[in-house]
A.B. asks: 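This is the structure, below, for whatever I ask next.
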Amino acid sequence: MSTMTDPLITLLPREAQTQAARHAQDGFSLAFRLTLEAAPETRQKAMLEAAARLEQWIGEAEAVGTQALRAALLLGGLDQWGLAYSQIFGAQAMSGLGELVAALRNGKHGAAALDAMERIEAAQECAFSFKAELRKAIHLALWHAMIAEEDREGAVAVLKQVGGMMLGLVEKMPELGWIIVANTLADIQIRCLAHGLAIDGLAQEMTEQLFGALKQQLPPEQRDRIMSAATQTVIAWQQSTRSSSVH
């Protein structure tokens with residue numbers, strides 16, 4: 001879909017970038033769950049242990065510069081998860097995340113990560129595999145939270161958050177953001193078809209409103225590009241599924 005070249009791909013191969021995105025997701029999920037469910041002492045101990053595991057992954061890179069980039073990806077990813085969820089669940093639900101981020105910032109690679117973050121944010125294509133994996137995961141997690149809501153007000157709040165994030169992404173990354181949004185919308189449709197999600201009630205209504213709002217508010221050229229790419233991905237999945245079932 002794009003001929004762009006990631007300037008950081010030699011230091012951060014795609015596998016490492018997707019690993020970083022998944023580590024950030026796992027770290028946030030643990031911090032969020034323990035903030036809601038565990039005693040503060042238990043949570044704080046778990047966050048230090050989680051930070052140590054992330055530090056170990058950072059240290060697996062041989063070059064110091066690569067270690068700094070890995071640390072920057074993790075810290076940036078955790079920050080983005082926190083920003084997305086704090087808008088809905090409030091700052092009080094981010095206690096564990098704050099402890100995890102603080103442990104990483106105070107760790108061996110924290111200072112060097114600040115300069116590395118500037119390299120990652122210097123251009124849209126820098127660490128794009130990480131950005132794509134991270135943002136799609138956040139969008140999908142919020143969509144799942146939205147369709148799980150039984151309260152309309154709560155569902156609408158999540159709808160506004162995830163829709164606003166997608167629109168903001170296209171605005172922030174005008175050349176490449178559309179790819180991430182298209183992949184997210186395709187994944188939503190595939191999950192609905194594959195698992196019978198959002199097929200009725202409030203979940204269906206909110207999902208339809210999300211797609212409708214994006215169609216209405218995206219710039220026409222971006223809208224057509226995104227919807228066409230998402231449709232093509234869903235069709236390819238359907239054809240692959242039918243082919244597999246025949247064999």
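No hydrogens, no waters, no symmetry mates; every other heavy atom, side chains included, goes into these values. Position 1 is the first residue of the sequence; numbering continues from there.
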A.B. asks: What side-chain donor-acceptor pairs closer than 3.5 Å can you find for residues 36-45, not counting sequence neighbours?
C.D. replies:
| residue | atom | partner | partner atom | Å |
| --- | --- | --- | --- | --- |
| Arg43 | NE | Glu99 | OE1 | 3.0 |
| Arg43 | NE | Glu99 | OE2 | 3.4 |
| Arg43 | NH2 | Glu99 | OE2 | 2.6 |
| Lys45 | NZ | Glu49 | OE2 | 2.6 |

A.B. asks: I need the minimum non-hydrogen distance between Leu73 and Leu12, along with the two atoms involved.
C.D. replies: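 Looking at all heavy atoms of both residues, the shortest contact is CD1-CD1, 3.9 Å.
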A.B. asks: Looking only at non-hydrogen atoms, find the nearest pair between Ile147 and Ala198 and report the distance.
C.D. replies: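 Shortest heavy-atom contact: CG2-CB, 4.3 Å.
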A.B. asks: Among residues two or more places apart or on two chains, list those pairs meeting side chain to side chain donor-acceptor pair (under 3.5 Å) that have a residue in residues 77-95.
C.D. replies: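 Listed by first then second residue: Asp79-Arg105.
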A.B. asks: Assess the residue pair Leu30 and Leu100 against the criterion (side chain to side chain contact (heavy atoms under 4.5 Å, CB included)); give the C-alpha distance rounded to whole Å, side-chain angles, the decisive distance to 0.1 Å, and a yes or no.
C.D. replies: CA-CA 10 Å; Leu30 177 65; Leu100 177 58; over 6 Å; no
A.B. asks: So, for Ala103 and Leu48, which heavy atoms are closest and what is the spacing to 0.1 Å?
C.D. replies: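 The answer is CB-CD2, 4.2 Å.
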A.B. asks: Find out if a path of hydrophobic residues (ILVMFWY) with successive side-chain heavy-atom gaps under 4.5 Å connects Leu159 to Leu197.
C.D. replies: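 In one cluster with Leu159: Leu197, yes.
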A.B. asks: So which atom in Trp178 and which in Gln222 form the shortest heavy-atom distance, rounded to 0.1 Å?
C.D. replies: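 Nearest heavy atoms, Trp178 then Gln222: CB-OE1, 3.6 Å.
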A.B. asks: To the nearest 0.5 Å, how far apart are CE in Met165 and CD1 in Ile138?
C.D. replies: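 Going from CE on Met165 over to CD1 on Ile138, the span is 5.0 Å.
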A.B. asks: Hey, what do you get for CG (Leu134) to CZ (Arg22), rounding to the nearest 0.5 Å?
C.D. replies: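 Separation between the atoms: 12.0 Å.
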A.B. asks: Does a side-chain heavy-atom distance below 4.5 Å link Gln238 with Val234?
C.D. replies: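 Yes, close enough: below the 4.5 Å cut-off.
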A.B. asks: Quick one, Thr184 with Val162, criterion side chain to side chain contact (heavy atoms under 4.5 Å, CB included). Give me CA distance, side-chain angles, the key distance, then yes/no.
C.D. replies: CA-CA 11 Å; Thr184 299; Val162 67; over 6 Å; no
A.B. asks: Does any part of the side chain of Glu150, heavy atoms only, come nearer than 4.5 Å to the side chain of Leu202, both counted from C-beta?
C.D. replies: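 No. Closest side-chain heavy atoms not under 4.5 Å.
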A.B. asks: Hey, is the main chain of Leu167 close enough, under 3.5 Å, to the side chain of Glu171 for a donor-acceptor pair?
C.D. replies: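 Pair absent, no side-chain N/O of Glu171 close to backbone of Leu167.
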A.B. asks: Please confirm whether the backbone N or O of Glu15 pairs with a side-chain atom of Thr18, one donor and one acceptor, at under 3.5 Å?
C.D. replies: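 Yes.
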A.B. asks: Are Phe211 and Val170 in one and the same hydrophobic cluster, where Ile, Leu, Val, Met, Phe, Trp and Tyr link if side-chain heavy atoms are under 4.5 Å apart?
C.D. replies: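 In one cluster with Phe211: Val170, yes.
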A.B. asks: Ignoring hydrogens, what is the shortest heavy-atom contact between Gly82 and Leu97? Give both atom names and the distance.
C.D. replies: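 Scanning both residues, the minimum pair turns out to be CA-CD2, 3.3 Å.
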A.B. asks: Kindly state each residue pair satisfying side chain to side chain donor-acceptor pair (under 3.5 Å) with at least one member in residues 198-217, sequence neighbours excluded.
C.D. replies: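 Passing the test, one end in residues 198-217: Trp143-Thr207, Arg152-Glu205, Glu205-Gln209.
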A.B. asks: For the CD1 atom of Ile180 and the NZ atom of Lys136, what is their distance to the nearest 0.5 Å?
C.D. replies: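 Answer for the CD1-NZ pair, Ile180 versus Lys136, is 10.0 Å.
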A.B. asks: For a 4.5 angstrom cut-off between non-hydrogen side-chain atoms, does Arg14 reach Phe130?
C.D. replies: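 Side chain of Arg14 against side chain of Phe130, heavy atoms only: no contact under 4.5 Å found.
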A.B. asks: Identify, with sequence neighbours excluded, every residue that meets side-chain contact (heavy atoms from CB on, under 4.5 Å) alongside Ala46.
C.D. replies: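 Only Leu34 meet the side-chain contact (heavy atoms from CB on, under 4.5 Å) criterion with Ala46.
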A.B. asks: Would His139 and Met166 satisfy side chain to side chain contact (heavy atoms under 4.5 Å, CB included), going step by step from the backbone distance to the final call?
C.D. replies: CA-CA 8 Å; His139 296 160; Met166 290 186 189; 3.9 Å; yes
A.B. asks: Any chance you could measure Leu74, atom CG, to Leu69, atom CG, to the nearest 0.5 Å?
C.D. replies: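 Rounded to the nearest 0.5 Å, the CG-CG separation comes to 11.0 Å.
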A.B. asks: If you apply the rule side chain to side chain donor-acceptor pair (under 3.5 Å), what do you find for Ser29 with Gln25, and how did you get there?
C.D. replies: CA-CA 6 Å; Ser29 298; Gln25 181 175 6; 5.1 Å; no
A.B. asks: Among Gln161, Lys160, Met206, find the residue that satisfies the side chain to side chain contact (heavy atoms under 4.5 Å, CB included) test when tested with Met146.
C.D. replies: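 That would be Met206.
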A.B. asks: Yes or no on side chain to side chain contact (heavy atoms under 4.5 Å, CB included) for Arg223 and Leu214, after CA distance, side-chain angles and deciding distance?
C.D. replies: CA-CA 7 Å; Arg223 176 198 64 211; Leu214 291 172; over 6 Å; no
A.B. asks: Taking atom CH2 of Trp237 and atom CD of Gln189, what is their separation to the nearest 0.5 Å?
C.D. replies: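 Answer for the CH2-CD pair, Trp237 versus Gln189, is 10.5 Å.
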A.B. asks: Using atom types as modelled, flag every donor-acceptor pair under 3.5 Å from a side chain in residues 106-129 to any protein atom, sequence neighbours excluded.
C.D. replies:
| residue | atom | partner | partner atom | Å |
| --- | --- | --- | --- | --- |
| Asn106 | ND2 | Ala102 | O | 3.1 |
| Gln124 | OE1 | Glu175 | N | 3.1 |
| Gln124 | OE1 | Leu176 | N | 3.1 |

A.B. asks: What residue pairs, at least two apart or across chains, pass ring pair (Phe, Tyr, Trp, His ring centres under 6.0 Å) with a residue in residues 39-59?
C.D. replies: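 Qualifying pairs, neighbours excluded: His23-Trp57.
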A.B. asks: Return the minimal non-hydrogen interatomic distance between Ala31 and Met47, and the atom names on each side.
C.D. replies: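 Shortest heavy-atom separation between Ala31 and Met47 comes out as CB-SD, 3.6 Å.
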A.B. asks: Distance from Leu75 atom CG to Arg70 atom CZ, nearest 0.5 Å?
C.D. replies: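 Answer rounded to 0.5 Å: 14.0 Å.
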